[in-house]
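Values in this document were obtained by computation on a predicted structure and should not be read as measured data. Just follow the structure's listing: the first ligand is 1, and inside any ligand the first atom is 1. Values below: every heavy atom of this structure, side chains too, minus hydrogens, waters and symmetry copies.
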Amino acid sequence: MKTQKFRIRGGKRLKGTVKISGAKNAALPLMAASILTEGINNLSNIPRLKDIHTMMALLENLGARSEFEGDRISIDTTNLKSFEAPYELVRTMRASVLVLGPLVARYGRARVSLPGGCAIGARPINLHLMGLQKMGARIRLEGGYIVAEARRLKGTKIYFDIPTVTGTENIMMAATLARGTTVIENAAREPEVVDLAEALIKMGARIEGAGQSIITVHGVDELKGLQHSVIPDRIETATFITACAITAGEITIENAIPEHIDAVVVKLQEAGVRIKRQGNMLKVRGPDRPRPTNVKTMPYPGFPTDMQAQFMALMTIASGTSVITETIFENRFMHVAELRRFGAEITIEGSTATVKGIKRLKGAPVMATDLRASASLVIAALAAEGESIIDRIYHIDRGYESIELKLKALGADIQRFKD
Ligand code: EPU
């Protein structure tokens, strides 16, 4: 199979203005939330991404009708006739599991293919299942599928050992239609969880505490149609700041929510990047050479694991040694071997990478392994001397809308091609 690739000639300073798209990881649970109601749901500021199309296919497979025009999606859930998320879709996108909670809550049953391992770790969904079970769902595994059934879910207290993002979203959605009150303890506090809660509240749900570690949901009998505009993508925002920084560029970022990336901004400033906030805009100026900076990934409001690879790319040319520790996923260093192909000096021991900054990266052919890893390779290639070819960019298309067009508009020398 011929895959699409990027050809990047590095060394151009990024200059100009870039507009951030809607957040993939906020849009996906919002689309799944349409299952909780019967009728028309309207979402705007939706990014044009492969994962969004996969979620549309999943909803259509359940019997929903959806239309995607501009940045708006309408989803008609009037006549759902199936309650299954098939293997073919789940294996291309783990976030498919987000239909589980809404299906059980609304229709009393769901059959969802159990997601396998993935390039960044084993990523079990035991906490999603434990939560639904505590709410009274009967769950069994059948031919690789999770089958969940419940007459009506019951409110209860659920404690997560780990603050899981999609687990919190699944249980929060399920709890909106349960009988009684559900309390989620050690809930994920990510902005995407808050965005979902705000949209559910507009549908008539009774939710308190989203954005804090205890979320309380009082179940209601029914919800009305969803009308919501998705928050800007904080990871895309932080990725563009990092791309600007590595090229010693000077850019303006529009349509961002700066508070959502506080931890990343602090670390980038420590590395010498100048960042000024003006409402929903950010003015960014990269340093001549970044300073070494240590980073440890943490659940929100800590430094996001989804920015670890990109930040590491920046540290490869820092004026000293940085230590980067990954605490969320056990195998999220797949980009290290590829960054070494640019000449980066990185050693790994367990969950810690030690990055010894060098003066200059050199262009090379490299291969993307997952979404954020591929963003880190693009960032490295933008700074590398000479030409780089990045293969398997379908990974990047899952999560960055028109990345090469946005970078080109900022003056990068980047082309998409098929060989
Ligand atoms: N975990 C469990 N059991 C569970 C659920 C999670 O042990 O039942 C563990 C995971 O293995 C991991 C940790 O808990 O070690 C946190 O995982 P989490 O469940 O929070 O991750 P997720 O919900 O599957 C979302 C994002 C990811 C992002 C993580 C962490 C979506 C659709 N995906 O995944 O985004 O990395 O949170 O912030 O929201 C990406 O966009 O590239 C991406 C991978």
Side-chain angles (χ1 to χ4, degrees), residues 21-33 47 49-52 54-55 58 90 92-101 112 114-134 139 146 158-173 184 186-196 213 230-231 233-239 260-261 263-264 297-310 326-332 334-335 351 368-376 394-401 403:
S21 301
K24 164 183 83 86
N25 289 348
L28 294 172
L30 283 163
M31 292 170 75
L49 297 172
K50 176 101 177 307
D51 278 8
I52 299 294
T54 305
M55 186 56 92
L58 195 56
V90 178
T92 65
M93 185 182 74
R94 301 179 54 85
S96 305
V97 77
L98 284 164
V99 301
L100 179 62
V112 174
L114 182 69
C118 85
I120 61 177
R123 303 184 74 184
I125 57 159
N126 57 309
L127 298 171
H128 304 227
L129 303 182
M130 174 277 290
L132 288 173
Q133 249 161 350
K134 281 208 79 181
I139 293 180
I146 302 152
I158 292 164
Y159 171 79
F160 285 137
D161 295 335
I162 307 170
T164 158
V165 177
T166 50
T168 302
E169 292 164 346
N170 236 334
I171 298 302
M172 193 166 72
M173 288 191 279
I184 310 171
N186 201 21
R189 297 160 63 189
E190 269 67 3
E192 294 76 18
V193 173
V194 178
D195 200 38
L196 174 64
S213 45
V230 177
I231 50 169
D233 196 309
R234 63 191 165 100
I235 304 300
E236 189 195 16
T237 308
T239 299
H260 288 172
I261 52 164
V264 188
T297 64
M298 286 291 188
Y300 191 84
F303 189 95
T305 173
D306 287 347
M307 274 304 296
Q308 181 256 109
Q310 302 89 315
E326 171 61 50
T327 74
I328 308 293
F329 292 112
E330 66 276 17
N331 189 28
R332 210 172 197 181
M334 300 280 280
H335 44 283
S351 60
T369 51
D370 73 70
L371 169 56
R372 309 302 170 186
S374 40
S376 81
Y394 55 85
H395 288 292
I396 211 161
D397 291 334
R398 289 188 53 192
Y400 289 92
E401 186 178 52
I403 189 167

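In this structure a side-chain-to-backbone donor-acceptor pair under 3.5 Å is present from Q308 to R332. Judged purely by atom type and a 3.5 angstrom limit, S21 has no side-chain atom pairing as donor or acceptor with the backbone of P47.
The pair R234-E192 counts as a salt bridge, with a side-chain nitrogen and a carboxylate oxygen less than 4.0 angstrom apart.
With sequence neighbours left out, S96 forms a side chain to side chain contact (heavy atoms under 4.5 Å, CB included) with L58, V90, M93.
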What are the distances between nitrogen or oxygen atoms of ligand 1 and protein nitrogen or oxygen atoms, counting only those under 3.5 Å?
| from | atom 1 | to | atom 2 | distance (Å) |
| --- | --- | --- | --- | --- |
| ligand 1 | 3 (N) | P124 | O | 3.4 |
| ligand 1 | 3 (N) | N126 | OD1 | 2.7 |
| ligand 1 | 8 (O) | P124 | O | 3.3 |
| ligand 1 | 8 (O) | N126 | N | 3.1 |
| ligand 1 | 8 (O) | N126 | OD1 | 3.2 |
| ligand 1 | 8 (O) | L127 | N | 2.7 |
| ligand 1 | 15 (O) | I328 | O | 2.5 |
| ligand 1 | 19 (O) | T164 | OG1 | 2.6 |
| ligand 1 | 20 (O) | V165 | N | 2.8 |
| ligand 1 | 23 (O) | T166 | N | 2.8 |
| ligand 1 | 23 (O) | T166 | OG1 | 2.6 |
| ligand 1 | 24 (O) | R123 | NH2 | 2.9 |
| ligand 1 | 34 (O) | R123 | NH2 | 3.2 |
| ligand 1 | 35 (O) | N25 | ND2 | 3.2 |
| ligand 1 | 35 (O) | D306 | OD2 | 3.1 |
| ligand 1 | 36 (O) | D306 | OD1 | 2.6 |
| ligand 1 | 36 (O) | D306 | OD2 | 3.4 |
| ligand 1 | 41 (O) | K24 | NZ | 3.1 |
| ligand 1 | 41 (O) | N25 | ND2 | 3.0 |
| ligand 1 | 41 (O) | R372 | NH2 | 2.8 |
| ligand 1 | 42 (O) | R372 | NE | 3.0 |

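N170 contributes atom CG, which lies 11.5 Å from atom CG of L127 (distance to the nearest 0.5 angstrom).
Within the 4.5 Å cutoff, the side chain of L49 has no heavy atoms near those of the R398 side chain.
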